[in-house]
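Below is one structure, written out as structure tokens, with a few remarks after it.
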Amino acid sequence: AAERFGLATQMMHYTLAVAAKEEGNYVLAIEELILAGDCEDAPRLLKVWTPGMHYQLGCEALEAGNYALAVEEFTAAKNWTGAKEKLKEAKNAISYLEAVALIEEGDYASAYEKLIKIDGYPGAAEKRRICAYQLGIEAGDKLISINDNTIEDVFDYHYYVNDEEIVLLIEKPDGEE
């Protein structure tokens, strides 16, 4: 009787796991699959659904502003649909907050380096303009090189701007560098 009760309990957890997954609650689904043990298809589903759980936890962390946890969860989500985009969003949020802290410390050059790498992030363009102004970069200035690499087009810019540290050579409208 105890063995049948155990099997019935595992089946119940398996059924609850499937229902939770159908509702999109991967966290609960994984918890129930663990309790289901080796009942039915539970071991395979556990492997398949775990990235979905990490994606769900990453979304919750991102929404709560816990960007470091979001990065961990989206990294664990691996190839789950949308995980790469969310991982980039979480990393950009961290870079943005670091840049804001650098601006508050008066380190405009380091802040600018971080901000140019997160183009399109909300608020980044405004902060980038503040840094550029503080660094003496103005409208009409021409970017000549990044880290001694001549910039000929937007592709060069996007390639070289990703170096850990960058040194910009700017030409003013009067020809001064």
Side-chain angles (χ1 to χ4, degrees), residues 21 24-27 29-30 44 46-177:
K21 190 267 184 186
N25 189 342
Y26 284 91
V27 175
I30 296 298
R44 184 189 69 80
L46 186 62
K47 189 175 183 177
V48 172
W49 292 353
T50 298
M53 176 195 68
H54 287 293
Y55 180 82
Q56 183 178 354
L57 291 171
C59 288
E60 291 170 6
L62 191 61
E63 189 174 310
N66 189 342
Y67 303 117
L69 178 60
V71 166
E72 286 179 29
E73 294 296 346
F74 290 129
T75 300
K78 297 180 184 166
N79 294 327
W80 194 261
T81 303
K84 288 179 184 177
E85 294 80 11
K86 292 289 189 178
L87 177 60
K88 181 179 179 182
E89 184 180 339
K91 286 181 176 180
N92 285 347
I94 291 170
S95 292
Y96 179 79
L97 293 174
E98 290 171 348
V100 169
L102 289 166
I103 290 170
E104 290 172 359
E105 294 170 8
D107 187 352
Y108 298 103
S110 296
Y112 190 79
E113 285 180 25
K114 287 192 175 294
L115 291 166
I116 60 176
K117 295 175 185 176
I118 57 171
D119 196 33
Y121 188 80
E126 176 189 343
K127 298 294 185 194
R128 203 169 37 247
R129 282 191 291 277
I130 291 169
C131 292
Y133 174 78
Q134 293 295 327
L135 295 170
I137 301 171
E138 302 170 313
D141 290 352
K142 182 179 177 184
L143 177 61
I144 303 299
S145 68
I146 298 175
N147 295 343
D148 295 323
N149 297 294
T150 303
I151 304 302
E152 296 180 14
D153 55 33
V154 69
F155 300 108
D156 289 340
Y157 170 81
H158 284 287
Y159 180 78
Y160 293 117
V161 82
N162 287 313
D163 288 350
E164 187 68 29
E165 291 187 20
I166 59 172
V167 176
L168 305 176
L169 177 60
I170 305 291
E171 182 181 296
K172 297 288 188 180
D174 63 6
E176 176 191 346
E177 291 186 356

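The analysis underlying the following values was restricted to heavy atoms, covering all of them including side chains, and did not include hydrogens, waters or symmetry mates.
- Counting heavy atoms from C-beta on, the side chains of Ile146 and Val167 never come closer than 4.5 Å.
- Taking the six-membered ring where tryptophan is involved, the planes of Trp49 and Tyr26 are perpendicular, since the angle between them exceeds 60° and thus also 30°.
- Counting heavy atoms from C-beta outward, Thr150 and Asp156 have side chains that stay 4.5 Å or more apart.
- To the nearest 0.5 Å, atoms CG (Leu97) and CG (Leu102) are separated by 11.0 Å.
- The 12-atom threshold is exceeded at NZ of Lys172, counting heavy atoms of other residues, nucleotides or ligands nearer than 6.0 Å.
- What you find for Glu89 and Tyr121 is that their closest heavy atoms are O-CE1, 4.1 Å.
- With rounding to the nearest 0.5 Å, the separation of CG in Leu115 from NZ in Lys127 is 9.0 Å.
- Proximity of Tyr159 to Asn149: side-chain heavy atoms (C-beta onward) are nowhere separated by under 4.5 Å.
- At most 12 heavy atoms of other shown residues, nucleotides or ligands fall within 6.0 angstrom of atom CD in Glu63.
- Atom CD of Glu60 sits about 11.5 Å away from atom CG of Asn66, to the nearest 0.5 Å.
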* To do: For Leu87 and Val71, run side chain to side chain contact (heavy atoms under 4.5 Å, CB included): C-alpha distance rounded to whole Å, both residues' side-chain angles, the deciding distance at 0.1 Å, then the answer.
  => CA-CA 6 Å; Leu87 177 60; Val71 166; 3.8 Å; yes

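- Side-chain contact check for Asp141 versus Pro173: some heavy-atom pair is nearer than 4.5 Å.
- Nearest heavy-atom pair across Tyr96 and Ala124 is CE1-N, 3.8 Å.
- We find the OH-CG distance between Tyr112 and Leu168 to be 6.5 Å, quoted to the nearest 0.5 Å.
- Residues Ile103 and Ala111 approach most closely at CG1-CB, 3.5 Å, considering heavy atoms.
- Taking 4.5 Å as the limit, some side-chain heavy atom of Gln56 sits within range of a side-chain heavy atom of Asn25.
- No side-chain heavy atom of Tyr55 sits under 4.5 Å from any side-chain heavy atom of Glu73.
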* side chain to side chain contact (heavy atoms under 4.5 Å, CB included) evaluation trace for Phe74 with Lys91 -> CA-CA 10 Å; Phe74 290 129; Lys91 286 181 176 180; over 6 Å; no

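- In this structure, the separation between NZ on Lys114 and CZ on Arg128 is 14.5 Å, given to the nearest 0.5 Å.
- Residues Ile116 and Tyr157 are in side-chain contact: their nearest non-hydrogen atoms beyond the backbone lie under 4.5 Å apart.
- Here CD of Glu98 is found 9.5 Å from CD1 of Ile118. Values are rounded to the nearest 0.5 Å.
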* For Leu135 and Ile170, run side chain to side chain contact (heavy atoms under 4.5 Å, CB included): C-alpha distance rounded to whole Å, both residues' side-chain angles, the deciding distance at 0.1 Å, then the answer. => CA-CA 11 Å; Leu135 295 170; Ile170 305 291; over 6 Å; no

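- When side chains are defined from C-beta on, Asn79 counts as touching Lys84, because their heavy atoms get closer than 4.5 Å.
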* Take Ile151 and Tyr160, measure what side chain to side chain contact (heavy atoms under 4.5 Å, CB included) needs, and give me the verdict at the end. => CA-CA 9 Å; Ile151 304 302; Tyr160 293 117; 3.8 Å; yes

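- Of all heavy-atom pairs between Lys86 and Leu62, the closest is CD-CD2, 4.0 Å.
- Between His54 and Ala77 the shortest heavy-atom distance is CB-N, 3.8 Å.
- Residue Asp148 qualifies as open at atom CG: its count of foreign heavy atoms under 6.0 Å is 12 or below.
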